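Please read the structure below before turning to the comments.
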Amino acid sequence: MTASLVATEPQGVVSAADIEKRPLERYVAPERPSLVGLSRAALAEAFGAIGVPERQRRMRVQQIWHWLYVRGAKDFEAMTSLSKELRAALAQRFTLARPEIAAEQVSADGTRKWLLRLPGEIEGRPHEVECVYIPETDRGTLCISSQVGCTLNCSFCHTGTQRLVRNLTPGEIVGQVVLARDRLGDWTEASPPASDGNEEARKRLISNVVMMGMGEPLYNFEAVRDGLNVVADGEGLSLSKRRITLSTSGVVPKIARAGTEIGVMLAVSLHAVTDALRNELVPLNRKYPLRELLEACRNYPGLSNARRVTFEYVMLKGVNDSLADARALVRLIKGIPAKINLIPFNPWPGSHYECSDWAQIEKFSEVVFNAGYASPVRTPRGRDILAACGQLKSATEKLSARERLALRAMAMTD
Ligand code: SAH
Ligand code: SF4
């Protein structure tokens with residue numbers, strides 16, 4: 001077993017508060033709520049609220065769905081297939097507001113990070129989450145958040161240090177995708193230009209969505225489910241479920257439900273190969289230990305060699321990065337269709353850890369690779385310069401390391 005850098009409390013003395021906080025219940029919706037991000041059912045209700053008879057609602061929902069999620073309409077006036085009266089009635093009661101951008105950072109390689117302000121305040125500070133867009137040659141990945149803060153307290157994670165938490169609404173979850181499409185100009189034009197033979201140019205900039213920003217998505221299950229189902233809707237935003245990945249720290253009882261009710265790809269934050277160390281890094285492990293977690297992964301609905309679980313493993317110097325750890329890791333996940341995502345630790349002020357040395361990450365990844373596991377280092381590429389997990393920081397000095405890692409990862413994967 002590897003040594004740890006942080007002192008742990010004596011084994012067996014575990015207070016529930018160490019493992020998880022309670023999210024705030026109070027969420028004050030704006031006076032005129034936004035329709036952006038709502039499901040078909042919620043939109044039908046909105047039409048009901050302005051007096052649209054029930055028999056017409058289905059058709060109206062169909063129309064507005066197209067405006068919201070195919071065309072990205074920003075005002076009701078643009079929705080020309082709805083009557084003037086209906087547009088006016090909608091505008092009186094609702095808005096098409098997106099999450100508000102508090103800050104935007106664009107990195108040299110085109111990666112963008114938004115700090116988003118949502119309705120509400122926690123201890124005098126506005127509710128804020130982060131959302132990151134990472135362009136790559138073969139894809140464009142949007143990393144979105146599920147909570148303001150996080151209910152859990154992983155010892156290496158900055159988000160976990162936030163004391164108070166509020167769940168995002170389904171609209172705020174979808175709103176991140178809508179807003180990113182706005183900023184990237186990634187909507188379908190009303191009448192697309194005649195084919196110029198350049199199909200590449202018409203490809204979506206956002207081809208993948210990962211729920212790896214702030215928060216534990218399976219502790220905000222219903223909103224995440226409803227939001228991701230809107231994101232995946234084939235008549236709207238149309239992200240295939242195979243291109244949406246949900247990352248969990250290991251909320252075992254919700255993993256099977258995530259498979260059946262959401263059906264997206266699963267990523268699990270493993271980070272350690274023994275319960276003793278994982279208890280310390282991911283305190284939720286005390287509630288749902290490794291054996292149960294791996295069993296849930298093994299049984300994840302729809303798993304196959306073409307649909308693998310991703311195991312995330314943050315590289316912490318002298319903590320979990322020995323080659324014995326690497327060998328134990330491949331033994332532990334034996335038989336589970338999986339890939340392993342090695343994440344260089346992203347330090348934050350006050351954190352007790354250091355990122356593993358580059359040479360060590362390479363040796364570790366070689367053991368994993370030789371055992372037959374692809375170890376793409378995709379999300380951490382964005383994370384590495386952007387720190388989607390609660391840190392506003394531009395680590396340009398890491399760019400070359402990041403690029404080397406990316407090249408290596410590409411060579412190792414499909
Ligand atoms: N709460 C979920 C999803 C959000 S965190 C989860 O824990 O899986 C997304 C990933 O970033 C997780 O694997 C998490 O462990 C990792 N992470 C958090 N803080 C990090 C840091 N400082 N450096 C590198 N990875 C980090
Ligand atoms: Fe929450 Fe994930 Fe950070 Fe852990 S790693 S505190 S679960 S956001």
Side-chain angles (χ1 to χ4, degrees), residues 18-21 23 129-132 134 141 143-165 167-168 173 176 209-221 224 228 244-252 254-255 258 264-272 278-288 293 297 309-317 319-321 339-356 361 376-393 395 398 402 405:
D18 283 344
I19 298 179
E20 59 204 312
K21 312 156 202 143
V129 292
E130 286 175 5
C131 179
V132 183
I134 307 148
T141 304
C143 175
I144 61 173
S145 295
S146 57
Q147 299 182 307
V148 177
C150 183
T151 40
L152 300 169
N153 305 306
C154 301
S155 56
F156 56 89
C157 174
H158 193 233
T159 305
T161 62
Q162 261 176 255
R163 231 171 48 83
L164 295 176
V165 183
N167 282 327
L168 262 56
I173 290 167
Q176 295 171 70
V209 167
V210 293
M211 194 162 255
M212 294 185 183
M214 295 171 81
E216 168 47 58
L218 297 188
Y219 271 0
N220 184 14
F221 187 86
V224 165
L228 290 183
I244 303 176
T245 303
L246 179 153
S247 173
T248 178
S249 57
V251 185
V252 168
K254 294 278 165 63
I255 288 180
V264 294
M265 306 296 282
L266 178 71
V268 170
S269 296
L270 199 62
H271 306 322
R278 196 162 188 274
N279 285 347
E280 187 184 313
L281 299 178
V282 185
L284 186 66
N285 192 72
R286 294 163 176 171
K287 211 165 165 180
Y288 309 118
L293 175 58
C297 293
V309 175
T310 299
F311 287 107
E312 295 159 283
Y313 197 93
V314 65
M315 298 300 294
L316 302 170
K317 187 174 183 168
V319 177
N320 66 355
D321 65 348
K339 6 183 199 193
I340 297 170
N341 199 341
L342 300 180
I343 313 180
F345 171 62
N346 200 350
W348 37 277
S351 65
H352 294 100
Y353 302 99
E354 282 177 71
C355 183
S356 306
I361 298 181
V377 196
R378 286 179 183 135
T379 308
R381 288 177 55 189
R383 180 173 298 288
D384 189 55
I385 57 161
L386 293 146
C389 222
Q391 305 152 75
L392 270 171
K393 172 171 170 265
K398 284 202 170 167
R402 186 185 83 101
L405 197 58

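These values consider heavy atoms only, across backbone and side chains, with no hydrogens, waters or symmetry-generated copies. Just so we're clear, the structure is a prediction, and the values are computed from it rather than from any experiment. Just follow the structure's listing: the first ligand is 1, and inside any ligand the first atom is 1.
Closest of all the heavy-atom pairs between Asn153 and Gly160 is OD1-O, 3.5 Å. The shortest heavy-atom contact between Leu246 and Val224 is CD1-CG1, 3.8 Å.
Taking every non-hydrogen atom of Cys157 and a distance limit under 4.0 Å, the qualifying atoms of ligand 1 come out as 18 (C), 19 (N). Residue Ile343 approaches ligand 1 through these ligand atoms, each under 4.0 Å from one of its heavy atoms: 13 (O), 24 (C), 25 (N). Those atoms of ligand 2 with a heavy atom of Leu152 less than 4.0 angstrom away are 6 (S), 7 (S). Listed by atom number, the atoms of ligand 2 under 4.0 Å from Ser249 heavy atoms are 7 (S). Taking every heavy atom of Val314 and a limit of under 4.0 angstrom, the matching atoms of ligand 1 come to 24 (C), 25 (N). The distance from ligand 2 to the heavy atoms of Gly160 drops below 4.0 Å at these ligand atoms: 6 (S).
Between Gly213 and ligand 1 there is a heavy-atom distance shorter than 4.0 Å.
Of the N and O atoms on the side chains of Ser249 and Glu216, at least one donor lies less than 3.5 Å from an acceptor on the other residue.
Considering each of His271, Glu312, Met214, the one bringing a non-hydrogen atom nearest atom 14 (C) of ligand 1 is His271. Looking at Cys150, Pro344, Gly215 and measuring to atom 1 (N) of ligand 1, the nearest heavy atom belongs to Gly215.
Between Thr248 and the choices Leu293, Leu266, Leu284, the side chain to side chain contact (heavy atoms under 4.5 Å, CB included) rule is met once, by Leu266.
Contact annotation: for Asn346 versus ligand 1, heavy atoms closer than 4.0 Å belong to both the backbone and the side chain. With a heavy-atom cut-off of 4.0 Å, Thr248 touches ligand 1 through its backbone alone.
In terms of polar-atom proximity, defined here as any N/O pair under 3.5 Å, His158 makes no such contact with ligand 1.
Taking the side chain as every heavy atom from C-beta outward, Asp321 and Ile361 never approach each other to under 4.5 Å.
In this structure, Phe156 and His271 have perpendicular ring planes: the angle between them is above 60°, well past the 30° mark.
The distance from atom 1 (Fe) of ligand 2 to the nearest N/O/S atom of Cys154 is not under 2.8 Å. Counting backbone and side-chain atoms alike, His158 contributes no N/O/S atom closer than 2.8 Å to atom 3 (Fe) of ligand 2.
Checked by atom type and distance alone, the side chain of Lys21 pairs as donor or acceptor with a backbone atom of Cys150 at under 3.5 Å. A donor-acceptor pair under 3.5 Å is formed between the side chain of Ser145 and the backbone N or O of Glu130. Judged by distance alone, with hydrogens and angles left aside, the side-chain atoms of Asn220 form a donor-acceptor pair with the main-chain N or O of Ser146 at under 3.5 Å.
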